[in-house]
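Data first, discussion second: the structure below is written as structure tokens.
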Amino acid sequence: SQFTELRGLYHLRETIGSGGFAKVKLAYHALTGEKVAIKIMDKRSLGEDLPRVKTEIEAMKDLCHQHICKLYQVIETETKFFMILEYCPEGELFDYIVSKDKLSEEEARVFFRQIVAAVAYIHSQGYAHRDLKPENLLLDEDQNLKLIDFGLCAKPKGGMDSQLFTCCGSPAYAAPELVSGREYLGSEADLWSMGILLYALLCGYLPFDDDKIPSLYKKIQSGKYDTPSWLSDESKSLIASMLQVDPKRRVTIRHLLAHPWLMADAQCPVEWHSKYKRCLDEDCLTELAVHYGKTKKDMEASVSEFKFDYLTATYFLLLEKKMKGRPVRLLNKI
Ligand SMILES: COc1cccc(Nc2ncc(-c3ccc(C(=O)NCC(=O)Nc4ccccc4)cc3)c(OCC3CCNCC3)n2)c1
């Protein structure tokens, strides 16, 4: 393959996406045979956005959650960054909604609870996403959502509550204070985008839409949108609490966690904490120790450094195999 840094470690396959200055390819992790997504960024074309990539990579190392695409390994060369990431086999939520026209309240509720959990988690870690939209929500093989930040809009720690100016993300999901160029808090802007998302899940189209940006901005700033008659009153009031033009009147993520609409179908409040344990998995450590001919103790010491090198990737992918009920086995060296 054209990248010597990946030879023997990953087998590259087709390109599954390309954004501004990132290209994403499907690949196989050689030792486990598991699929991964490799995001390749060219340092030259990143220009002044280079620091943001480093910030995003550091953010990803902190973010370990069942509804956030996992970072497995980072490879940095003179001219490139390679981010080895969790592959989501069912693609974008966007395509799923389009294929079903719109979702039932029950199905929308399952997805929206996962989105609330992911956003509550990143906010609790001091980050704001700022580009929440169906293209950045991917589906794994069990139809669970995984949040990604394809456009590199996640802000660094503390960036959430400092007054953020740089606006980014697609306008249709952007909050009024963001499109007005005013100071805004990332956490409040995320809540607005979640209102747009829930509306899109339930209705199959956007509350504010216009093919001319200036008139789209006017509609967003007006906060006036139609709700179809067949939407339940609970859904309408939940959406209205998020699509508040004044960010200080907007519902907070804490209130969402136990909102009646989210708790319907006799569900419990949204469980947003990470399900990943701090301690290392014994079966994975054993398989690694056997493969590398090291004692379990030495293996545990190496893995727990989490250097986001090939060993970190191999550990996480073995853990994935275990969580999916597949054998915790490494393929022999080819
Ligand atoms: C089967 O057909 C299909 C069809 C389509 C996709 C797939 N699968 C599939 N799996 C995995 C990916 C991926 C994962 C993570 C990142 C990333 O950038 N992480 C960084 C990150 O998440 N930061 C972050 C997250 C939260 C907070 C802060 C920072 C980038 C890409 C993918 O990409 C393809 C693109 C294509 C354009 N739209 C977006 C997805 N695609 C499969």
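We count ligands from 1, going down the list as the structure has it; atoms in each ligand are counted the same way. Values reported hereafter were calculated over all heavy atoms of this structure, with side chains retained and with hydrogens, waters and symmetry mates removed.
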Nearest neighbour of atom 4 (C) of ligand 1 from the list Gly91, Cys69, Ala128, on a heavy-atom basis: Gly91
Nearest option to atom 41 (N) of ligand 1, as decided by whichever heavy atom of Ile57, Ile84, Ile16 sits closest: Ile16
Hey, which atoms in ligand 1 end up nearer than 4.0 Å to a heavy atom of [X]?
{"X": "Glu135", "result": "38 (N), 39 (C)"}
{"X": "Met60", "result": "20 (C), 21 (C), 22 (O), 23 (N), 24 (C), 25 (C), 29 (C)"}
{"X": "Ala37", "result": "11 (C), 12 (C)"}
{"X": "Glu92", "result": "36 (C), 37 (C), 38 (N), 39 (C), 40 (C)"}
{"X": "Leu85", "result": "15 (C), 16 (C), 17 (C), 19 (N)"}
{"X": "Leu63", "result": "27 (C), 28 (C)"}

Validation row, ring centre Trp192 to ring centre Tyr199 under 6.0 Å: no
Looking only at distance, does [X] have an N or O less than 3.5 Å from an N or O of ligand 1?
{"X": "Glu56", "answer": "yes"}
{"X": "Glu90", "answer": "no"}
{"X": "Asp149", "answer": "yes"}
{"X": "Gly17", "answer": "no"}

Keeping the roles fixed (side chain from [X], backbone from [Y]), state whether a donor-acceptor pair exists under 3.5 Å.
{"X": "Arg250", "Y": "Val245", "answer": "yes"}
{"X": "Asp49", "Y": "Arg52", "answer": "no"}
{"X": "Ser235", "Y": "Leu231", "answer": "no"}
{"X": "Arg130", "Y": "Asp190", "answer": "no"}
{"X": "Glu188", "Y": "Val251", "answer": "no"}

Measure from NZ or CZ of [X] to the centre of the six-membered ring of [Y] and say whether it is under 6.0 Å with the direction within 45° of the ring axis.
{"X": "Lys70", "Y": "Phe316", "value": "yes"}
{"X": "Lys43", "Y": "Phe81", "value": "yes"}
{"X": "Lys102", "Y": "Trp230", "value": "yes"}

Applying a 4.0 Å heavy-atom criterion (strictly less than), which segment of [X] is in contact with ligand 1: side chain, backbone, both, or neither?
{"X": "Lys39", "value": "side chain"}
{"X": "Ala59", "value": "neither"}
{"X": "Asp95", "value": "neither"}
{"X": "Leu71", "value": "neither"}

Identified side-chain hydrogen bond (donor to acceptor under 3.5 Å, both in side chains) partner of Lys146 from the options Glu86, His65, His67: Glu86
Glu86 near ligand 1 by a heavy-atom separation under 4.0 Å: yes
Tyr87 to ligand 1, any heavy atom closer than 4.0 Å: yes
Check ion pair Lys25-Glu14 (N to O, under 4.0 angstrom): no
